[in-house]
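Here is how names work: the chains are called A, B, and so on, in the same order as the sequence lines, proteins then strands, and each is numbered from 1.
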Protein chains: 2
Amino acid sequence: MRKRYDQYCPVAHALTLVGERWALLVVLELMRGPKRYTDLVERLPGIGTNILASRLRDLEAAGILARRLLPPPAASRVYELTDYGRELKPVIRELALWGARSLGPPGAADELFPGWLANAIDTVLAPLAPPGRFEFHVGDEVASLVDGEVLSGPVEEPDVVVEGDPDGVYHMFVDQRLDLVDVTGDRRLLETLVQAAPSPVELPVPAA
Amino acid sequence: MRKRYDQYCPVAHALTLVGERWALLVVLELMRGPKRYTDLVERLPGIGTNILASRLRDLEAAGILARRLLPPPAASRVYELTDYGRELKPVIRELALWGARSLGPPGAADELFPGWLANAIDTVLAPLAPPGRFEFHVGDEVASLVDGEVLSGPVEEPDVVVEGDPDGVYHMFVDQRLDLVDVTGDRRLLETLVQAAPSPVELPVPAA
DNA sequence: CCGCATCCCCAAAGATACTG
DNA sequence: CAGTATCTTTGGGGATGCGG
C-alpha cells in the first residue's frame, strides 16, 4: 500500500494493493476462513511479526480484510476477508495454476503445514475437476474433492481414495503415474482427474 | 527469484518467480511484443536501471522471458516472453479486473504513457466485450476493440466511435455515464459494453 | 545512443526482545 | 495473545559512469 507505481493502470494499482511481499499469501490463508494473528504467524513460515502487523494494517486500509472481535467469552481478535478481498480468488487461482506447472517435487526446505493439501487441491485442481467424490490421504493430511468443491477431511462414500506420500502424489499429477500411490475404487475416474491437471513446463535453465 | 517462501505451495512458488516488485509490470509490457531495454525503462516510470537489469536476469533464469538479438543491421537486443511467460496473461487479466474496481479517476501523479489505452482495454474490457467494432480516442491515444481483440490505432468501419478525455472515459465505464464523451454510431452497442464492465467497489476507508 | 555496472542513500525486510 | 520497539541486513531509487 505504501509504495505506489506512478502509472494509471489497473494492474499497477492492483499491485500497489496486494503486490508487496507476503500480502497475497496472507489473503490466501484467510480464504479458508477467519484467523487469529498467531494462526497466521505459524502458517506463514518466515514472516516477521512486525511484517505481518504491517501487512494486516495495509490490507485493512485497502478494504481487503477487516478485524473483528469474536463474541465473548472467546473474545479474541480475528482477521477476515471482505467481499472485495474474497474476490481475489480468481487471481490466486490463476497464479496457482501457472505456478504449479514449474513447481518441482517437495524439497527439504519446504514446510508442509496443516492445510496445505486442501489448499493445493482447492487452488489447482478444483476449477478443472470432473464430477465425482475423491478422497486423498497424504502423510497425515486428509482432504476431499466433491464435484469441484474442496473439503478438509474424508468424505462419505468416495468414488476413489488415493493414499501416498507427497512425492508420490506429485508424480501422479505431473507424470500421470499411478504406481507410486495406493488407489482404491474407481481408477478410471482418477485418471480423468489426473489428465485434467495442468501439464508441467520444461524449464530451459534449472535455475543454477 | 532470489527471495523464496519456505512453503510447498503453488501460489508461494509463483510469487517467488513473479512476486517481486516490478516483475509483473515488466511481463505486462512485454505482453504487447518484444522490447528493448530502454523502451522498458521509459515505459516503467520510477524503475531503477539496476532493478530492471536484475528483474530481467531473474525472469530469464525463471524461463519467463528470453533475450534475443535482432538480425543485422538493427542488431539491438530485445527481450521477449517465452511461452510460459505468455501464459501469465490470465493472471494479469484477473489482477486487472480486480484492480479496476477500486482504481479511481486518473490523478496528477499518474503517468499516462504511450499504449496505456490499448493496455487497459486489453486487460479489463477485452475478456468481457460483446462482438462489435469499437474505436476509442482518448487524448492523443487511439485504440480499438474488434470482437474482443484489441488493436492499437483506428479500425475500419467501426460500429461506434468514442471520443473524450481520460476522466470522461473513466466515468463512462464506472458510472455508466455517456454524457461526458462524444459518441458516434451505435450507442446501444456501447451501452452493452459499458454494462459488461466490472462494477466499482465502495471502499470503507478512503485510504487517508 | 544502448545496455548495463557502480555508488550512495534511504526505506523496507528479518530477527529478536519485550510489553499492554 | 497481539502486537510494538529496536537493531541489523537487504533491497529499491536515483544519479553517474563506461564499454560496445
Asker: For Arg68(A) and Glu80(A): C-alpha separation, side-chain torsions, deciding distance, then whether salt bridge (charged side-chain N to carboxylate O under 4.0 Å, His left out) applies.
Answerer: CA-CA 8 Å; Arg68(A) 188 166 57 96; Glu80(A) 63 182 350; 2.7 Å; yes
Asker: Given atom CG of Leu56(B) and atom P of dC4(C), what is their separation to the nearest angstrom?
Answerer: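 Roughly 7 Å, once rounded to whole Å.
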Asker: Checking Trp116(A) now: which residues fulfil ring pair (Phe, Tyr, Trp, His ring centres under 6.0 Å) with it, not counting sequence neighbours?
Answerer: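 Result, ring pair (Phe, Tyr, Trp, His ring centres under 6.0 Å) vs Trp116(A): none returned.
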Asker: Mind checking Thr49(B) for me? I need base, sugar-phosphate or nothing, with any heavy atom below 4.0 Å counting as a touch.
Answerer: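 Answer is base: heavy atoms of Thr49(B) come under 4.0 Å of a base.
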Asker: In this structure, how many angstroms lie between the P atom of dA5(D) and the CD1 atom of Ile51(A), rounded?
Answerer: 15 Å
Asker: Send over the distance from Tyr5(A) OH to dG12(D) C1', rounded to a whole Å.
Answerer: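 Taking OH of Tyr5(A) and C1' of dG12(D), I get 11 Å after rounding.
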Asker: Name the orientation class of the two ring planes belonging to Tyr37(B) and Tyr79(B) (parallel below 30°, tilted from 30 to 60°, perpendicular beyond 60°).
Answerer: tilted
Asker: With a 4.0 Å limit, can you tell me whether Arg57(A) has a side-chain N or O closer than that to the phosphate oxygens OP1/OP2 of dT4(D)?
Answerer: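 True: Arg57(A) side-chain N/O within range (under 4.0 Å) of dT4(D) OP1/OP2.
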Asker: Would you tell me if any nitrogen or oxygen in the side chain of Arg77(A) comes within less than 4.0 Å of OP1 or OP2 on dG3(D)?
Answerer: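 Checking Arg77(A) against dG3(D): at least one side-chain N or O falls below 4.0 Å of OP1 or OP2.
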Asker: Let me spell it out: for each of Tyr37(A) and Asn50(A), pick the nucleotide of DNA chain D with the closest heavy atom. Which residue's pick is nearer the 5' end?
Answerer: Tyr37(A)
Asker: OP1 or OP2 of dG3(C) versus the side-chain N and O atoms of Thr38(B): is any pair under 4.0 Å?
Answerer: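 So the side-chain polar atoms of Thr38(B) do come within 4.0 Å of the phosphate oxygens OP1 or OP2 of dG3(C), strictly under.
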Asker: With a cut-off of less than 4.0 Å, is there a side-chain N or O of Arg4(A) near OP1 or OP2 of dG13(D)?
Answerer: no
Asker: Charged N to carboxylate O below 4.0 Å: is that the case for Glu157(B) and Arg133(B)?
Answerer: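 Looking at Arg133(B) together with Glu157(B), the answer is no, because their closest N to O distance does not fall below 4.0 Å.
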Asker: Could you give the NZ-to-C1' distance, from Lys35(B) to dG3(C), as a whole number of Å?
Answerer: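 The answer, rounded to whole Å, is 17 Å.
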Asker: Once you round it to whole Å, what is the distance between P of dG12(D) and CH2 of Trp22(B)?
Answerer: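 Trp22(B) atom CH2 is separated from dG12(D) atom P by 11 Å.
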Asker: Using whole Å, what does the distance between atom C1' of nucleotide dA2(D) and atom CZ of Arg67(A) come to?
Answerer: 10 Å
Asker: Does the side chain of Arg21(B) get closer than 4.0 angstrom to OP1 or OP2 of dA12(C) through an N or O atom?
Answerer: no
Asker: Tell me whether Glu135(A) contacts the main-chain N or O of Val161(A) through its side chain, where contact means a donor paired with an acceptor under 3.5 Å.
Answerer: no
Asker: Would you compute the distance between atom OG1 of Thr16(A) and atom CG of Asp6(A) and round it to the nearest 0.5 angstrom?
Answerer: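 It comes to 10.5 Å.
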Asker: Identify, residue by residue, the members of residues 39-47 of chain B with a heavy atom below 4.0 Å from DNA chain D, and return them in order of residue number, or none.
Answerer: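 Going residue by residue through residues 39-47 of chain B, the ones with a heavy atom under 4.0 Å of DNA chain D turn out to be Gly46(B).
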Asker: Measure from CZ on Arg55(A) to P on dG3(D) and round the result to the nearest Å.
Answerer: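 Rounding to the nearest Å, CZ of Arg55(A) and P of dG3(D) are 15 Å apart.
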Asker: Whole-Å distance between dA13(C) P and Asp58(A) CG?
Answerer: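 So the two atoms are 9 Å apart, to the nearest Å.
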Asker: Decide, yes or no, whether a salt bridge links Arg93(A) with Glu94(B) under the criterion of side-chain N to carboxylate O below 4.0 Å.
Answerer: no
